[in-house]
Amino acid sequence: MLRQQIEQRLQEAVLRRFPDADPASILVRPCPDERFGDYQTNALIGLAKQRRLNPRQLATEIAADLGLDDLTEPPEVAGPGFVNFRLRPQALVALLARAARGEHLFCQPDAPPRTVVIDFSSPNVAKPMHVGHIRSTILGDCLARILRHLGHRVITDNHLGDWGTQFGMLLVGWKTELDSDALARDAIAELERIYRVINARCSEDSPDHDPAVLERARAELVKLQQGDPENVAIWRRMIELSREQFDAIYRRLDVRFDHTLGESFYNDRLPGVVASLLEKGIIRESEGALVAFFDDVPALKAHPAIVRKRDGAFNYTTTDLATLEYRWETWRPDEIIYVTDGRQQLHFQQVFEIFRRWHPEVPTRLTHVWFGSILGENGQPLKTRSGQNVKLADLLDEAEERALRVVREKNPDLPAADQREIARVIGIGAVKYADLLPNRQSDYVFSWDKMLALNGNTAPYLLYAATRIRSIFRKLEEAGERFDPVAAADRATLTEPTELALARMLERFDFVVHAVAAEYRPNYLCNYLYELAGAFTAFYEACPVLRSEEPVRSSRLLLCHLVFKVLETGLGLLGIGIPERM
RNA sequence: GCGCCCGUAGCUCAGUUGGAUAGAGCAUCUGCCUUCUAAGCAGAGGGUCCUGCGUUCGAGUCGCAGCGGGCGUACCA
């Protein structure tokens, strides 16, 4: 927040000197080493080079013209022409006071607000949600929370896989294999089972292969596509049952969608999409299919995209194009974000390229936010011992169970219900944190031990710091005292190194949240919160709070109060809650 | 073949328009609980940032070439 003011004054000073300079390249960023200061700019070096000036001399002259006395110590020029800024304690105290009065929480919204559609999670009907869905769900939800926090209008849409050739087999299975008791017990497991049975009969290299079943599956699919009332009713029922199970998971994860418009929602639009693409000459017939070619795009030259298959059926490219057009017509978004696996990069390049040709008038930014795979300890994609996908519900159960074991060990005297609630919050938080902490583009190795470790950069560490703050205020309340942040702010004083370090950390929150939004990388926020929690525990060890004398005592309480709010807000942006105690 | 990603401490990984002496956790070692939660803190050791060449005042970061690994690549999504 103070960084922004420094940057603005720097840009103004540069423009006074060079009216034609580009302010977008005049940036102030955190110092890599706190010995140099809190913030620095290196933009003047490049600026001087362009204009054949001496960089150090230019830096010295600009630094003298900044008018930063209310915010920083006198700026220092260093090395080849860096300018280093050190925040004044009074400026930090004033910032904390404004936060105490509720004027901000160390983060300012983006202006102007934008409309952003986020497409994430997208599980398939009649299949259990498994680890393959976790990153999309958690990352997408986190980005939605971040962008909303920055003041944008966010529309989340769960593009369910509720249509496709698998329904031919599912319909045969429903009519010939269904065990209604099993369906009542665990609908998805039963749908999965009947699918497997029929799929085995349809596949030619299976010992159960039966050409008649394959034929029947095709016939049932055609009937569904033609609107046969019985098949449509069964199909709707399968969607309903699946959504109940998805919703149970989303409730546990505290994930919400504004819309759930599955693939089938776009069925009516598909023929029109293809007709329009043909009319505009964007696709043409090739080997019986209708295909878009990209001879003028080097990366896509060797990768044409099929928009209608030889047999006349549409595929996911067609559906995604219809979806894009619908979203544009309905919400006029400034941006549409797709959160999927990195393996779909080529697909989205093709879809975006086709859409640009199809609707060149649409200015919407199209973004594919992709992520790597979750691997087992053997370096291969994570599976159960029997080679199945790990079900998300099982994974969440185990996270909570493991957390419960630790809670019981650490807090044997708490009531069992409290232990379970604490374990639930920690377990779910640990899963989310472990997923958001790695750079999203890298594959990461899933490890229970690391995820629920009690130290290191983990959810329990952050939650522990937060509950220690809660504990301080609980003690205060038990003593019958009331804490008034505004009154504390009026006489706040920061002198101890760990106090000042904490205040500086709070000030940086704004920078980090904006960096997350700009690059779609929640791991920046994870690392920030870890540092904030670390700065708090260092302060906690060095500075008694309740036992100190006024006015130090209320200043430290104010720090605790604000650190808790930022931890709570930051963890909230990751979709993670804080237990009452640990 | 073409395209994308990765290669950083023994292990798992961060590393923000290119920025100063490359960071963290785990593991190893040394201290710290009669004081607000030790699920903690303070400290130590540990590096040819895959290799080479180039651009630059400055390269883990950018470009080119190579090596090693993962993934994608015409009718699944």
Side-chain angles (χ1 to χ4, degrees), chain A residues 24-27 29-33 35-36 40 42-43 45-46 49 55 78-82 84 122 124 161 164-166 263 286-291 298-311 313 315-317 319-320 340-347 349 370 372-373 375 379 406-407 409-411 426 437-439 441-445 447 449-450 452-458 460-461 463-465 467-476 511-512 514-516 518-519 521 523-524 526-527 530-531 534 537-538 540-548 556 560 581-582:
Chain A
S25 68
I26 311 296
L27 301 177
R29 43 165 296 153
C31 276
D33 186 326
R35 277 173 303 185
F36 301 132
Q40 70 170 211
N42 55 47
I45 304 171
K49 290 257 165 196
F82 300 114
N84 292 323
S122 310
N124 294 315
T165 49
Q166 74 272 25
E263 292 170 356
S286 168
E287 297 176 34
L290 292 174
V291 183
L300 295 178
K301 198 171 176 166
H303 303 287
I306 290 178
V307 178
R308 197 183 71 188
K309 304 196 295 189
R310 186 165 28 204
D311 64 5
N315 63 8
Y316 70 140
T317 301
T319 312
D320 280 345
T340 84
D341 198 286
R343 289 174 297 195
Q344 295 191 41
Q345 285 175 88
L346 176 59
H347 167 67
Q349 277 181 44
W370 59 269
S373 310
L375 307 177
V406 180
V407 173
E409 182 196 319
K410 300 284 179 186
N411 289 299
I426 295 175
L437 177 64
N439 178 328
Q441 290 180 333
S442 48
D443 297 345
Y444 79 93
V445 176
S447 158
D449 292 338
K450 232 169 267 169
L452 286 168
L454 310 172
N455 45 23
N457 194 349
T458 62
Y461 178 86
L463 298 179
Y464 184 59
T467 52
R468 280 171 138 183
I469 302 178
R470 280 207 152 135
S471 176
I472 289 174
F473 285 100
R474 200 161 39 234
K475 277 246 154 44
L476 194 76
F511 180 75
V512 171
H514 283 91
V516 172
E519 296 184 46
R521 290 189 191 280
N523 65 309
Y524 294 160
C526 294
N527 284 313
Y530 177 59
E531 280 181 53
T537 29
Y540 182 89
E541 298 281 333
C543 298
V545 178
L546 295 175
R547 286 165 209 287
S548 58
R556 289 181 179 171
C560 290
R581 62 186 84 215
M582 278 177 78

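A note on names: the letters A, B, ... follow the listed sequences, proteins ahead of strands, and every chain is numbered from 1. Because only heavy atoms are used, hydrogens play no part in the values below, and waters and symmetry mates are left out as well, while side chains stay in. The structure displayed is predicted, hence computed values, not measured ones.
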Any-strand Watson-Crick or G-U partner of A59(B), both distances under 3.5 Å: none
Distance check needed: A24(B) C1' versus Tyr461(A) OH, whole Å only. 11 Å
Work out how far the C1' atom of C26(B) is from that of A14(B), and round it to whole angstrom. 14 Å
Short question: side chain of Asp443(A), backbone of Ser373(A) - any donor-acceptor pair under 3.5 Å? yes
Check whether any side-chain N or O of Ser442(A) sits under 3.5 Å from a backbone N or O of Pro438(A) as a donor-acceptor pair, and report yes or no. no
Any base atoms under 4.0 Å from Thr319(A), or only sugar-phosphate, or nothing? Heavy atoms, all strands. nothing
With sequence neighbours excluded, residues passing side chain to side chain donor-acceptor pair (under 3.5 Å) with Thr467(A): none
Only pairs with both distances under 3.5 Å count, Watson-Crick or wobble alike; so what is the partner of A65(B) in this structure? U51(B)
Exam field: side chain Glu541(A) to backbone Ala538(A), donor-acceptor pair closer than 3.5 Å: no
Closest approach of Pro30(A) to Gln40(A) (non-hydrogen atoms, all atoms of both residues): O-CG, 4.5 Å
Quick tally for nucleotides 27-35 of chain B: nucleotides whose base has a protein heavy atom under 4.0 Å get B, sugar-phosphate-only ones S, the rest -, giving --------S
Contact class for Tyr530(A) vs. all strands (heavy atom < 4.0 Å): base, sugar-phosphate, or nothing? sugar-phosphate
Pairing residues for Arg343(A) by the side-chain contact (heavy atoms from CB on, under 4.5 Å) criterion, not counting sequence neighbours: Asp341(A)
For Asn457(A) and A24(B), give me the distance from atom CG to atom P, rounded to whole Å. 12 Å
Describe the nucleic acid contact of Lys49(A) in one word from base, sugar-phosphate, nothing, applying a heavy-atom distance below 4.0 Å. base
Once salt bridge (charged side-chain N to carboxylate O under 4.0 Å, His left out) is applied, do any residues pair with Arg470(A), and if so which ones, sequence neighbours excluded? Glu580(A)
Are Phe82(A) and Phe36(A) close enough that their ring centres sit under 6.0 Å apart? no
Arg310(A): partners by salt bridge (charged side-chain N to carboxylate O under 4.0 Å, His left out), with sequence neighbours left out: none
Anti or syn - C33(B), cut at 90° from 0: syn
Between C49(B) and U61(B), how far apart are the P atoms? Round to whole Å, please. 10 Å
Provide the Watson-Crick or G-U wobble partner of U30(B), both distances under 3.5 Å; none if there is no partner. A42(B)
With sequence neighbours left out, what residues match Phe473(A) under side-chain contact (heavy atoms from CB on, under 4.5 Å)? Ile469(A), Leu476(A), Phe483(A), Leu557(A), Cys560(A), His561(A)
Across all strands, who's sitting opposite U35(B) as a Watson-Crick or G-U wobble pair, both distances under 3.5 Å? none
Say you pick atom C1' in G69(B) and the same atom in G25(B); how far apart are they, in whole Å? 25 Å
Taking pairing as Watson-Crick or G-U wobble with both contacts under 3.5 Å, can you name the mate of U16(B), or confirm there isn't one? none
Determine the Euclidean distance between corresponding P atoms of G7(B) and C11(B); express it in Å to zero decimal places. 14 Å
Among all residues two or more places apart in sequence or in another chain, which pass the side chain to side chain donor-acceptor pair (under 3.5 Å) test with Asn124(A)? none
Same-atom distance (C1') from G68(B) to C62(B), integer angstrom: 22 Å
Using the P atom as the point on both nucleotides, what is the distance between G15(B) and A77(B), in whole Å? 34 Å
What does Cys560(A) touch in the nucleic acid at a heavy-atom separation under 4.0 angstrom: a base, only the sugar-phosphate, or nothing? nothing
Expressed in angstrom and rounded to an integer, what is the separation of Gln441(A) atom CD from G70(B) atom C1'? 14 Å
Can you check the Gln349(A) CD to C4(B) P distance for me, whole Å? 8 Å
For nucleotides U48(B) and C33(B), find the distance between their P atoms and express it as a whole number of Å. 38 Å
Any non-hydrogen side-chain atom of Asn527(A) less than 4.5 Å from a side-chain atom of Leu437(A)? yes
Please state how far atom OH in Tyr464(A) lies from atom P in A39(B), giving the value in whole angstrom units. 4 Å
For the pair made of NZ in Lys301(A) and C1' in C2(B), what is the distance, rounded to whole Å? 12 Å
Pairwise C1' distance, G60(B) and A42(B) [rounded to whole Å]: 30 Å
Which base, if any, makes a Watson-Crick or G-U wobble pair with G1(B), both distances under 3.5 Å? U73(B)
Ignoring backbone atoms, establish whether Thr537(A) has a side-chain N or O less than 4.0 Å from OP1 or OP2 of C41(B). yes
Please check the phosphate of U37(B) (OP1 and OP2 only) for any side-chain N or O of Lys410(A) closer than 4.0 Å. no
Shortest non-hydrogen contact from Pro55(A) to Ile45(A)? CB-CA, 4.2 Å
Start with the C-alpha gap between Arg474(A) and Arg581(A), add the side-chain angles, then the distance that decides, and say whether side-chain contact (heavy atoms from CB on, under 4.5 Å) holds. CA-CA 10 Å; Arg474(A) 200 161 39 234; Arg581(A) 62 186 84 215; 3.9 Å; yes
Report the residues that fulfil side chain to side chain donor-acceptor pair (under 3.5 Å) with Arg556(A), sequence neighbours left out, ordered by chain and then residue number. Glu499(A)
What's the CG-P distance between Asp341(A) and C71(B), to the nearest Å? 12 Å
Give me the distances for all protein-to-nucleotides 13-23 of chain B N/O pairs that come in under 3.5 Å?
from, atom 1, to, atom 2, distance (Å)
A14(B), OP1, Asn439(A), N, 3.1
A14(B), OP1, Ser442(A), OG, 2.4
A14(B), O3', Asn523(A), ND2, 3.4
A14(B), O2', Asn527(A), ND2, 3.0
G15(B), OP1, Asn523(A), ND2, 3.1
G15(B), OP2, Asn439(A), ND2, 3.2
U16(B), O2', Arg29(A), NH1, 2.9
U17(B), O4, Asn42(A), OD1, 2.7
U17(B), O4, Asn42(A), ND2, 3.3
G19(B), O2', Gln40(A), OE1, 3.3
G19(B), N7, Asn42(A), ND2, 3.0
A20(B), N7, Gln40(A), NE2, 3.3
A20(B), N6, Gln40(A), NE2, 2.4
A20(B), N6, Asn84(A), OD1, 2.6
A20(B), N6, Asn84(A), ND2, 3.3
A20(B), N1, Asn84(A), ND2, 3.4

Expected string for nucleotides 72-77 of chain B under the B/S/- scheme (protein heavy atoms, under 4.0 Å, primed atoms plus P, OP1, OP2 as sugar-phosphate) is BBBBSB
Given that Trp370(A) and Val407(A) both sit by RNA chain B, which one's nearest nucleotide is further toward the 5' end? Trp370(A)
Pairs under 3.5 Å (N/O, protein and nucleotides 42-45 of chain B):
none

With sequence neighbours left out, the residues meeting side chain to side chain donor-acceptor pair (under 3.5 Å) with Tyr524(A) are Glu519(A)
